[in-house]
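Before any comments, here is the structure.
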Amino acid sequence: MLDYAIFAITFVVFLIATVLYLYPGSNKITTIPGLEPSDPKDGNLGDMGRAGSLHEFLLKLHAEYGDIASFWWGQQLVVSLGAPELFKQHERIFDRPTLLFKGFEPLIGSMSIQYANGADGRTRRKLYDPSYGHEAMKHYYSIFQELGEEMAKKWESMKGEQHIPLHAHMIGLAMKAITRSSFGDSFKDEKECLPFGRNYDICWNDMEERIKGSYPTEGSPREKKFQEALGKMHATIGKVAKYRRDNPPPPQEQLFIDVLVEGDLPEEQLLSDALGYMIAGFHTSGNLLTWALYFIATHEEVEEKLHQELIDVLGEKEEVTPDNISQLVYLRQILDETLRCAVVAPWGARYMDLDAEIGGHVVPSKTPVIHALGVVLQDERIWPEPNKFDPERFDAGNSKDRHKLAFQPFGFAGGRKCPGYRFSYVETTVFLSILCRQFKFHLVDGQVVKPSHGLVTRPAEEVWITVTKRD
Ligand code: HEM
């Protein structure tokens with residue numbers, strides 16, 4: 001009888017301990033150091049808001065708890081990795097957790113590649129990736145050249161001291177680059193391009209409000225305005241898709257939109273992925289261009305060294321081509337240091353269906369795992385004086401001993417890194433070589449340029465510059 005009582009008591013104690021151990025809202029389901037939820041419903045989302053952004057929150061989290069740390073996204077435990085050695089353990093993981101990107105769904109749609117995992121995600125990448133592969137890139141140089149020269153002419157026509165809204169101009173330029181190269185000449189027509197840009201602004205401004213926690217109520221004028229603008233963007237993409245379906249180009253002239261059209265995809269997937277690639281394509285590159293020119297304008301020695309390289313490699317007139325682009329070594333260092341210093345894309349994420357071991361801890365199955373790319377890009381153990389803009393960090397001699405996963409601004413895991421990384425390097429190289437060969441840049445006095453970190457890092461306010469034509 002006593003034996004039975006001891007067994008029963010032990011069993012009940014074990015059961016209670018197990019329930020407490022696994023109860024959501026308790027951090028006991030993992031040994032990973034980290035935050036307790038500040039709120040039973042919202043977890044640490046409030047702390048994230050107070051930090052300013054997820055990136056700033058992660059900087060603090062890792063400073064306090066180390067290279068692997070945990071926190072609560074609402075009632076979901078989330079793990080963050082903040083060191084290249086830990087990235088290594090996630091190098092093969094493909095699937096992305098939906099939860100952390102759910103906020104973008106009203107704009108990009110639930111069928112976006114952003115949410116596609118397993119066989120579906122891999123099949124899509126296999127279908128879409130060649131549009132931004134090494135061979136495809138060769139067709140885009142002339143488009144970038146034409147757009148860069150157009151921008152240079154516009155700046156040249158501006159009177160000496162006229163203030164230029166750098167961010168607006170660079171986002172516009174990057175939008176033209178992705179639409180023309182991926183969707184064809186329909187976007188050459190300003191009548192298509194300008195309203196598209198305006199509708200995009202309406203949707204994006206509303207998305208920024210949503211990401212800060214302000215959602216429109218169903219049927220409200222705000223929601224109607226958002227849906228109307230989104231509908232118009234979809235209608236434009238639908239019109240372009242129909243035109244390309246009715247007038248198919250020869251195989252060697254196929255663009256991304258033709259791949260979508262030929263893929264015989266459900267209409268919703270076509271619209272989602274067309275819009276998703278477009279947004280991912282210009283938001284990122286537009287901000288990379290903005291930050292690069294901001295750093296060039298504020299670092300005269302960098303500006304002059306770059307100008308000299310452009311003259312040495314291209315002379316006064318030559319264009320960037322697939323054959324000479326690799327000679328623009330210093331320009332590439334500037335782009336890489338900009339991606340690092342401005343943390344253009346601060347984080348990525350993955351999850352696994354199984355329990356996994358990372359950094360000596362068990363990560364329970366289905367737990368979203370953040371790749372804190374930006375935390376690593378600002379880690380002073382890897383990058384001394386991390387806030388200093390110094391392209392020499394990427395000089396071949398200075399890079400050779402660095403861990404290969406220390407610089408991964410386009411992500412690194414599971415063959416699912418950013419599909420647009422080559423595109424971005426080529427477009428920004430062509431644009432900057434045209435603009436920096438012709439102009440000197442000056443930041444208008446009295447501005448304090450601060451970053452605003454979302455899924456992409458942009459300047460919190462417009463950056464105003466003036467330009468002087470070089471002799
Ligand atoms: C400065 C430029 C860019 C940066 C820093 C950047 C960064 C990133 C990062 C960090 C990811 C997440 C990767 C991961 O989960 O491991 C990503 C994904 C993605 N990027 Fe980019 N990107 C840039 C330019 C572009 C361009 C030009 C395009 C379009 C051609 C593009 C399209 C995408 C798409 C569609 C995804 C999601 C892919 C998927 O779900 O498999 N990006 N990007």
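Just follow the structure's listing: the first ligand is 1, and inside any ligand the first atom is 1. Reckoned from all heavy atoms, side chains included, excluding hydrogens, waters and symmetry mates.
Near Leu288, meaning under 4.0 Å from any of its heavy atoms, are these atoms of ligand 1: 1 (C).
At most 12 non-hydrogen atoms from other residues, nucleotides or ligands lie less than 6.0 angstrom from CD of Glu461. Within 6.0 Å of NZ on Lys242 lie no more than 12 heavy atoms contributed by other residues, nucleotides or ligands. Heavy atoms of other residues, nucleotides or ligands lying less than 6.0 angstrom from CD of Gln252 number more than 12.
Within the sub-2.8 Å shell of atom 21 (Fe) of ligand 1, the protein contributes these N/O/S atoms: Cys418 SG.
A tilted orientation is assigned to the rings of Tyr132 and Phe256, their planes being inclined by 30° to 60°.
Salt bridge status for Glu105 with Lys102: present, with a side-chain N to carboxylate O gap under 4.0 Å. Here Lys176 does not pair with Glu427 in a salt bridge; the nearest charged N to carboxylate O distance is not below 4.0 Å.
For residues 48-69, the ring-ring contact (aromatic ring centres under 6.0 Å, His included) pairs, not counting sequence neighbours, are His55-His453, Phe57-Phe71.
Cation-pi check for Arg402 over Phe394 is met; the charged atom lies under 6.0 angstrom from the ring centroid and within 45 degrees of its normal. Stacking of Arg332 on the aromatic ring of Tyr425 is recorded, both the 6.0 Å distance cut-off and the 45° axial limit being met.
Remark: minimum distance from atom 5 (C) of ligand 1 to any protein heavy atom is reached at Pro409 O, 3.6 Å. The single protein non-hydrogen atom nearest to atom 38 (C) of ligand 1 is Arg125 NH1, 3.6 Å, given as residue, atom name and distance. For atom 39 (C) of ligand 1, the nearest protein heavy atom (residue, atom name, distance) is Arg416 NE, 3.4 Å.
Remark: ligand 1 and Trp347 share no N or O pair separated by less than 3.5 Å (distance only, no angle test). The shortest N/O to N/O separation between Arg350 and ligand 1 falls below 3.5 Å.
Ring centroid separation for the pair Phe104 and Tyr115 does not come in under the 6.0 Å cut-off. Annotation: Trp347 is in aromatic contact with Phe101 [ring centroid separation under 6.0 Å].
At a 4.0 Å heavy-atom cut-off, ligand 1 touches Ile178 through the side chain alone. In Tyr132, the part holding a heavy atom less than 4.0 Å from any atom of ligand 1 is the side chain.
When the options His90, Arg122, Glu427, Arg96 are ranked by their closest heavy atom to atom 15 (O) of ligand 1, first place goes to Arg96. Which of Tyr277, Phe423, Tyr425, Phe412 comes nearest to atom 35 (C) of ligand 1 through a heavy atom is settled by distance: it is Tyr277.
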